[in-house]
Undergrad: 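Take this structure first; my questions come after.
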Amino acid sequence: MSIKILHTSDWHLGKQLLKTDLHADMDLFFDWLRETLVSEKVDILLMSGDLFDQANPSQPALTQYYQFLKSLLPLQCKVIITGGNHDSTAVLNAPKALLSVLDVHVIGGAPEELSDAFITFEKDNQKVVVAAIPYLRDKDIRETIAGESYDDKIMQIKKGMESYFEQVNQHYLENHPNVPLIIMGHLFAQNAETSESEREIQIGNQAGIESRIFGTHAAYVALGHIHKPQQIGNQNTRYSGSPIPLSFSEREDKKQVILIEVANNELQIETKEIPSFRKLITLAGTLEAVQKKLSDYQSQTPLTDLIEIQIEEENESVVLINALEELLSQENHADYQIVKGKISFTNSLQNTGSLLRNGEEITDFKPIEMFEKRLEQDTALTNKTELLAAFKTLLTALDESEN
Ligand SMILES: [Mn+2]
């Protein structure tokens, strides 16, 4: 008989991507996760930090969390949740005592007693022990010294982390020897590949820690914080990554959960890809090319896809800039929503400097004359007469307001 464990992290409940609420995405993930827990007969669910996106989660985010936990009750699956750098220890720990009765174990922040972070599980003749280590805050790992340098701080954080995990290993050896050990952690490991949505952790991620600090006893290290799934050091130290993309830089990620099976003290690891509920797409090219791609666009996912557009044109033109504005302000399409856009020109009109010939000074010209020069330069404009008239109206209005 074996024990099955599922590792996930970085749910970021309550997260908004630009202005899009990702509540529906997480509802679909939770449905999929629950089905996976059933079909894979998972005994323990590990969530390695960043449960909520905000230290003070919104009420819908809290409701979503508790509804999901409630829906797991018939499964008889042990749940272990640790706090991440986005989470408030107090918020996570508030319902701790009640949740533990339901076999949901919450370690919101570094516990007073290290033994409180150790959770054991036994089924048939197989045992595992989980060291549920949350995000370690400065106060948990070092003493702040007034006037210390930046480099000293980084060194102290690294040392503090190392000695914390040494104690974890020590506690394990003294209390649970020979039981397969799973360590959870929420931290930035050196050389991990980041995206745009992880908030900086411990002074600009400079204190990236080496995977050797987890020691040699852990059968598996279940990490959180980095949103792109990846393994660190050896194949038994992994970031599961976030279950859904939380920024456009994650649009190519294959989101996943990790299944760990322990049988006869041997370990097997398998990744399971999470279906995409909403695509994040970047469309780039000339205005015409982007418009064509938009009109051909068909969504393959249950939720409205989010599109960022990057228009690249040769010559700077107000017409093109206006066209982008129009795309950005258009009504939501059934298949997609444009949430972000930018335009760049190979030959951009620098500034007024390029409107002046050698020896000419801007003070030699009246505002209306500068405007006429500017119109002359933009060959793509077709409504110069109207623009000139509008500019004159503006000038008149300014003159009047100054009196
Ligand atoms: Mn995170």
Side-chain angles (χ1 to χ4, degrees), residues 8 10-33 35-36 50 52-54 58 60-61 64 68 193-199 226-229 240-257 272-314 316-346 380:
T8 172
D10 294 87
W11 289 354
H12 286 266
L13 297 176
K15 166 86 179 171
Q16 297 206 337
L17 175 55
L18 297 170
K19 279 176 190 148
T20 306
D21 197 310
L22 301 179
H23 194 97
D25 308 56
M26 286 306 292
D27 271 343
L28 290 170
F29 167 65
F30 282 156
D31 289 346
W32 177 88
L33 179 59
E35 281 163 25
T36 304
D50 283 356
F52 294 110
D53 191 56
Q54 308 285 332
S58 64
Q64 190 172 33
F68 175 64
E193 211 184 315
T194 59
S195 57
E196 284 164 7
S197 56
E198 298 103 359
R199 187 182 294 161
I226 306 292
H227 295 170
K228 183 189 174 77
S240 62
S242 58
I244 57 168
L246 299 169
S247 71
F248 272 88
S249 61
E250 294 167 45
R251 63 184 183 273
E252 309 279 358
D253 289 2
K254 294 230 176 304
K255 296 301 188 186
Q256 62 179 39
V257 296
K272 212 172 166 64
E273 197 174 325
I274 303 167
S276 175
F277 308 118
R278 180 202 302 277
K279 289 248 183 286
L280 306 185
I281 306 277
T282 302
L283 297 181
T286 60
L287 174 65
E288 208 185 318
V290 167
Q291 281 169 332
K292 171 91 173 74
K293 283 177 194 170
L294 282 174
S295 65
D296 293 346
Y297 191 81
Q298 280 186 328
S299 170
Q300 317 263 314
T301 60
L303 301 173
T304 311
D305 293 343
L306 304 183
I307 293 186
E308 95 179 323
I309 50 186
Q310 294 174 353
I311 295 177
E312 293 144 11
E313 290 275 354
E314 257 180 41
E316 179 161 355
S317 143
V318 180
V319 175
L320 292 168
I321 296 170
N322 288 343
L324 173 65
E325 289 300 320
E326 220 163 280
L327 279 178
L328 288 173
S329 60
Q330 80 184 15
E331 296 273 303
N332 290 350
H333 190 272
D335 281 358
Y336 63 80
Q337 187 185 350
I338 302 170
V339 290
K340 200 176 161 188
K342 70 168 191 196
I343 188 161
S344 60
F345 302 101
T346 342

Undergrad: Look only at the side chain of D305 and the backbone of K279, and say whether a donor-acceptor pair between them is shorter than 3.5 Å.
TA: yes
Undergrad: Please name the pair of heavy atoms, one in R278 and one in D21, separated by the smallest distance, quoted to 0.1 Å.
TA: NH2-O, 3.9 Å
Undergrad: Evaluate the side chain to side chain contact (heavy atoms under 4.5 Å, CB included) criterion for residues I338 and L294: first the C-alpha distance (whole Å), next the side-chain angles of each, then the deciding distance (0.1 Å), finally the verdict.
TA: CA-CA 10 Å; I338 302 170; L294 282 174; 3.8 Å; yes
Undergrad: Listed by chain and number, what are the side chain to side chain donor-acceptor pair (under 3.5 Å) partners of K254, not counting sequence neighbours?
TA: none
Undergrad: Do L327 and L287 pass the side chain to side chain contact (heavy atoms under 4.5 Å, CB included) test, and can you show the C-alpha distance, the side-chain angles, and the key distance before you say yes or no?
TA: CA-CA 10 Å; L327 279 178; L287 174 65; 4.1 Å; yes
Undergrad: Does E288 have more than 12 heavy atoms from other residues, nucleotides or ligands lying within 6.0 Å of its CD?
TA: no
Undergrad: Taking all non-hydrogen atoms of both residues into account, name the closest pair between L246 and S197 and its distance.
TA: CB-OG, 3.7 Å
Undergrad: Would T194 and K228 count as having a side-chain donor-acceptor pair, cut-off 3.5 Å?
TA: no
Undergrad: Distance from F29 atom CZ to L13 atom CG, nearest 0.5 Å?
TA: 9.5 Å
Undergrad: Among K15, E198, H227, whose side-chain contact (heavy atoms from CB on, under 4.5 Å) with D10 holds?
TA: H227
Undergrad: Which pair of non-hydrogen atoms, one from W32 and one from P275, has the smallest distance, and what is that distance?
TA: NE1-CD, 3.2 Å
Undergrad: What verdict does the side chain to side chain contact (heavy atoms under 4.5 Å, CB included) test give for V339 and K19, after you've listed the backbone C-alpha separation in whole Å, the side-chain angles of each residue and the deciding distance to 0.1 Å?
TA: CA-CA 8 Å; V339 290; K19 279 176 190 148; over 6 Å; no
Undergrad: Run the side chain to side chain donor-acceptor pair (under 3.5 Å) test against N322 and tell me which residues pass, sequence neighbours left out.
TA: none
Undergrad: Indicate the atoms forming the closest heavy-atom contact of I307 with I309, along with that distance.
TA: CG2-CG2, 3.8 Å
Undergrad: For P229, does its backbone N or O pair with a side-chain atom of S240 as donor and acceptor, under 3.5 Å?
TA: no
Undergrad: If you look only at pairs with a residue in residues 334-343, which of them pass as a side chain to side chain donor-acceptor pair (under 3.5 Å), with sequence neighbours excluded?
TA: E308-K340
Undergrad: Keeping the roles fixed (side chain from R251, backbone from I281), state whether a donor-acceptor pair exists under 3.5 Å.
TA: no
Undergrad: Might you point out which heavy atoms bring P243 and K255 nearest each other, and give the distance in Å?
TA: O-CB, 3.3 Å
Undergrad: If you look at every heavy atom in I343 and I321, which pair is closest and at what distance?
TA: CD1-N, 4.2 Å
Undergrad: Check for a donor-acceptor pair, side chain of S249 on one end and backbone N or O of E196 on the other, with a separation under 3.5 Å.
TA: yes
